Amino acid sequence: MLAVANECGVDTVYHSITVLPNQVTAFFNVDAPSGCVPHTVNFTQFSSGATFSNWDFGDGNVSGIYSPSHTFTQAGTYTVSLFANDGCGFDTTTAIITVFPSPTVAFSSEPDSVCIDQLFTFTNLSSGLASVTWDFGDGNTSLLYDPTHTYTASGTYQVTLTGISQTNGCAASV
């Protein structure tokens, strides 16, 4: 209603408006709310009433895909937000994603070259590991923390140490 008055009189005009209720409900599921770096999460959207939606993954990345996948490349806790809209109403919902760091894995060996059947000594410089696996590059492995190994053929070998963190079960290799 609009009412106006001046020295000539008073007048009133009416105009009907319709206010629609918000019929948008944002909702989604995640397949893996926590994991090790890099951690890929699949988001499945179940929003109702929305004609478009947007995602904010909390790490500086966004998406307009209906049910996206996203890989978190840094350890941390992220609040993922889904914004659903139908042009008239909107809704927002969030989920927390926890990404655990990989352990720091390092080793040294002595000496750095030997003759066939002479002993290499490997020193694990890592800390906080629940378990280790050594791959000596010649088909042999070890589960010892600080192993020794001899090579029966000449060559250059790629030695890999893989460690599993005590605190979160994440793995890393060097």
Side-chain angles (χ1 to χ4, degrees), residues 17-109 112 122-147 149 156-174:
I17 61 169
T18 303
V19 178
L20 300 174
N22 184 5
Q23 296 186 7
V24 176
T25 303
F27 182 71
F28 67 94
N29 282 339
V30 298
D31 66 342
S34 63
C36 302
V37 167
H39 181 53
T40 299
V41 180
N42 295 307
F43 298 91
T44 305
Q45 185 175 171
F46 297 103
S47 297
S48 64
T51 54
F52 62 92
S53 57
N54 288 301
W55 297 85
D56 181 341
F57 298 113
D59 64 353
N61 292 292
V62 296
S63 176
I65 297 172
Y66 188 78
S67 291
S69 292
H70 181 69
T71 300
F72 295 88
T73 58
Q74 300 292 320
T77 301
Y78 301 95
T79 301
V80 176
S81 301
L82 169 63
F83 307 96
N85 194 321
D86 71 354
C88 182
F90 69 92
D91 192 25
T92 302
T93 189
T94 62
I96 303 297
I97 304 297
T98 304
V99 182
F100 302 116
S102 296
T104 301
V105 180
F107 72 92
S108 65
S109 63
D112 58 0
F122 295 94
T123 303
N124 191 336
L125 304 173
S126 312
S127 63
L129 299 180
S131 66
V132 298
T133 303
W134 293 86
D135 181 342
F136 298 113
D138 64 352
N140 292 298
T141 61
S142 175
L143 301 176
L144 298 175
Y145 195 79
D146 292 313
H149 185 67
T156 301
Y157 297 92
Q158 181 74 32
V159 177
T160 303
L161 168 62
T162 301
I164 306 294
S165 172
Q166 288 177 342
T167 58
N168 57 33
C170 294
S173 295
V174 63

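Values in this document were obtained by computation on a predicted structure and should not be read as measured data. Quick note: residue numbers are just sequence positions, from 1.
Across Ala171 and Ser102, no two heavy atoms sit closer than the pair O-OG, 3.7 Å. Closest heavy-atom contact between Gln45 and Tyr66: NE2-O, 2.6 Å. When all heavy atoms of Asp146 and Asn124 are compared, the closest pair comes out as OD1-N, 2.6 Å. Heavy atoms only, all atoms of each residue included: Tyr78 and Gly58 are closest at CD2-O, 3.5 Å. Closest approach of Leu129 to Pro103, counting heavy atoms only: CD2-CB, 3.7 Å.
From Thr93, atom OG1 reaches atom CZ of Phe28 across 5.5 Å, with rounding to the nearest 0.5 Å. Here the CG-CG distance, from Asn61 to Asp56, works out to 9.0 Å after rounding to the nearest 0.5 Å. Once rounded to the nearest 0.5 Å, the distance linking NE2 of His149 with OG1 of Thr141 reads 9.5 Å. Between Cys170 atom SG and Ile164 atom CD1 the span is 8.5 Å, to the nearest 0.5 Å. Atoms CG and CG, on Leu161 and Leu125 in that order, are 9.0 Å from each other to the nearest 0.5 Å. For the atom pair Thr160 OG1 and Phe136 CZ, the distance stands at 10.5 Å (nearest 0.5 Å).
Two residues are said to be in side-chain contact when any heavy atoms from C-beta on lie closer than 4.5 Å; Ser165 and Phe100 fail this criterion. With a 4.5 Å cut-off on side-chain heavy atoms, Val174 and Thr104 do not count as touching. Residues Thr25 and Phe46 have side chains not in contact (no heavy-atom distance under 4.5 Å, counting atoms from C-beta outward). A 4.5 Å side-chain heavy-atom check between Val24 and Asn85 finds every atom pair outside the cut-off. Contact annotation: the side chain of Thr73 never approaches that of Val37 to less than 4.5 Å [non-hydrogen atoms, C-beta and beyond]. Using a 4.5 Å cut-off on side-chain heavy atoms (C-beta onward), Trp134 and Leu144 make no contact. In this structure, Asp31 and Thr44 have side chains that are not in contact, with every pair of non-hydrogen atoms separated by 4.5 Å or more.
By the 30° and 60° cut-offs, the orientation of the rings of Phe57 relative to Phe72 is perpendicular.
A donor-acceptor pair under 3.5 Å is formed between the side chain of Asp91 and the backbone N or O of Ala26. Under a 3.5 Å cut-off, the side chain of His39 and the backbone N or O of Ala32 do form a donor-acceptor pair. The closest donor-acceptor contact from the side chain of Asn168 to the backbone of Pro101 lies under 3.5 Å.
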Any chance you could lay out the side-chain contact (heavy atoms from CB on, under 4.5 Å) test for Phe43 and Ser67, step after step, and finish with the verdict? CA-CA 5 Å; Phe43 298 91; Ser67 291; 5.8 Å; no

Going through the checks in order, is the side-chain contact (heavy atoms from CB on, under 4.5 Å) test met by Leu82 and Thr94? CA-CA 6 Å; Leu82 169 63; Thr94 62; over 6 Å; no

From CA spacing to verdict: side-chain contact (heavy atoms from CB on, under 4.5 Å), Val105, Phe107: CA-CA 7 Å; Val105 180; Phe107 72 92; 5.8 Å; no

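Defined by atom type and a distance below 3.5 Å, a donor-acceptor pair is present between the side-chain atoms of Ser173 and Thr162. In this model, no donor atom of one side chain and acceptor atom of the other lie less than 3.5 Å apart for His70 and Asn42.
Not less than 6.0 angstrom separates the ring centroid of Trp55 from the ring centroid of Phe83.
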